[in-house]
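Because the structure is predicted, anything quoted here is derived from the model rather than measured. Numbering of residues begins at 1 and proceeds along the displayed sequence.
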Amino acid sequence: MKIYLSGPISQNPKYREEFQEAALRMRKAGYEVVNPVEIVEDPATWEDAMKQDLKAMLECDGVAVVHTKHTSRGMGIEMMLAGVLGMSCMAVEEYLHGAVKWNR
């Protein structure tokens, strides 16, 4: 299953570490992960980054949310679009819990 990571980036000083950790955990569980941190090269405007990220997200089966204390306009857009398109949307932990149950 190909999963796109969504979460706060612009206002989150620890976004790189948080997204890389989530991607590593999900890959270890057997998911193919699309990490926006690995897609967009700095410097990029918010608009350019969102265009690249949305294209990548639309190639995925579902969206996994990297939860932090920060808010995100981009994450809201990604979640709304995923919901409208009927894509699976869950927290990273929910996907990992499902992977553990599925692998048994």
Side-chain angles (χ1 to χ4, degrees):
M1 187 173 201
K2 189 173 182 180
I3 303 296
Y4 175 84
L5 295 180
S6 178
I9 291 179
S10 297
Q11 303 301 315
N12 182 359
K14 294 184 179 184
Y15 76 91
R16 286 192 185 279
E17 296 89 6
E18 292 171 350
F19 274 73
Q20 294 294 18
E21 178 188 345
L24 179 64
R25 291 174 60 210
M26 291 199 65
R27 287 175 179 141
K28 283 184 178 179
Y31 291 102
E32 180 181 352
V33 178
V34 176
N35 182 351
V37 174
E38 297 168 353
I39 296 170
V40 179
E41 293 187 28
D42 289 331
T45 65
W46 181 87
E47 293 81 3
D48 287 341
M50 283 301 298
K51 288 176 185 176
Q52 292 174 57
D53 291 344
L54 289 172
K55 285 179 191 175
M57 185 188 92
L58 293 174
E59 299 291 323
C60 294
D61 303 306
V63 178
V65 177
V66 179
H67 283 289
T68 72
K69 63 181 178 178
H70 303 279
T71 59
S72 170
R73 177 173 54 140
M75 184 178 91
I77 292 167
E78 291 165 349
M79 296 304 293
M80 186 232 8
L81 181 58
V84 168
L85 297 175
M87 296 173 75
S88 170
C89 297
M90 297 185 283
V92 167
E93 291 75 19
E94 291 177 289
Y95 277 106
L96 292 174
H97 180 71
V100 170
K101 289 171 74 176
W102 183 73
N103 286 331
R104 287 186 179 181

Quick one: pull up [atom1] in [X] and [atom2] in [Y] and give me the separation to the nearest 0.5 Å.
X: E78; Y: L58; atom1: CD; atom2: CG; result: 10.0 Å
X: E17; Y: K14; atom1: CD; atom2: NZ; result: 7.5 Å
X: Q52; Y: M57; atom1: CD; atom2: CE; result: 14.5 Å
X: L96; Y: M26; atom1: CG; atom2: CE; result: 5.5 Å
X: I3; Y: S88; atom1: CD1; atom2: OG; result: 6.0 Å
X: K2; Y: D61; atom1: NZ; atom2: CG; result: 8.0 Å

Give a yes or no on whether [X] and [Y] share a hydrophobic cluster (residues Ile, Leu, Val, Met, Phe, Trp, Tyr; joining criterion: side-chain heavy atoms under 4.5 Å apart).
X: I39; Y: L5; answer: no
X: L85; Y: I77; answer: yes
X: M80; Y: M90; answer: no
X: M50; Y: V34; answer: yes
X: V65; Y: I9; answer: no

Worksheet item: Crowded around E47 CD? As in, over 12 foreign heavy atoms under 6.0 Å?
Response: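 Result for CD/E47: enclosed.
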Worksheet item: E18 and T68: side-chain contact (heavy atoms from CB on, under 4.5 Å), yes or no, with the steps?
Response: CA-CA 8 Å; E18 292 171 350; T68 72; 2.7 Å; yes
Item to complete: Decide whether E59 and Y4 meet the rule of one side-chain donor and one side-chain acceptor closer than 3.5 Å.
Response: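 Per modelled atom types, E59 and Y4 side chains form no pair under 3.5 Å.
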Discussion item. Quick check against the 3.5 Å criterion: does H70 have a side-chain atom that pairs as donor or acceptor with the backbone of P8?
Written reply: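 Not a single qualifying donor-acceptor pair exists.
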Worksheet item: Is any side-chain N of the basic residue among K28 and E21 closer than 4.0 Å to the acidic one's carboxylate O?
Response: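 No, K28 and E21 are not salt-bridged.
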Discussion item. With heavy-atom distances below 4.5 Å as the criterion, would you say the side chains of E38 and Q20 are in contact?
Written reply: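 Contact flag for E38/Q20 side chains = yes.
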Worksheet item: Does anything in residues 14-39 pair up under ring pair (Phe, Tyr, Trp, His ring centres under 6.0 Å), and if so which pairs, sequence neighbours excluded?
Response: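 Listed once each, the pairs are Y31-Y95.
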Discussion item. Checking C89 now: which residues fulfil side-chain contact (heavy atoms from CB on, under 4.5 Å) with it, not counting sequence neighbours?
Written reply: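 For C89, the residues satisfying side-chain contact (heavy atoms from CB on, under 4.5 Å) (neighbours in sequence not counted) are V63, M79, A82.
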Worksheet item: What pairs with E93 under side chain to side chain donor-acceptor pair (under 3.5 Å), at least two apart in sequence or on another chain?
Response: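 Partners of E93 by the side chain to side chain donor-acceptor pair (under 3.5 Å) criterion come out as none, since no residue qualifies.
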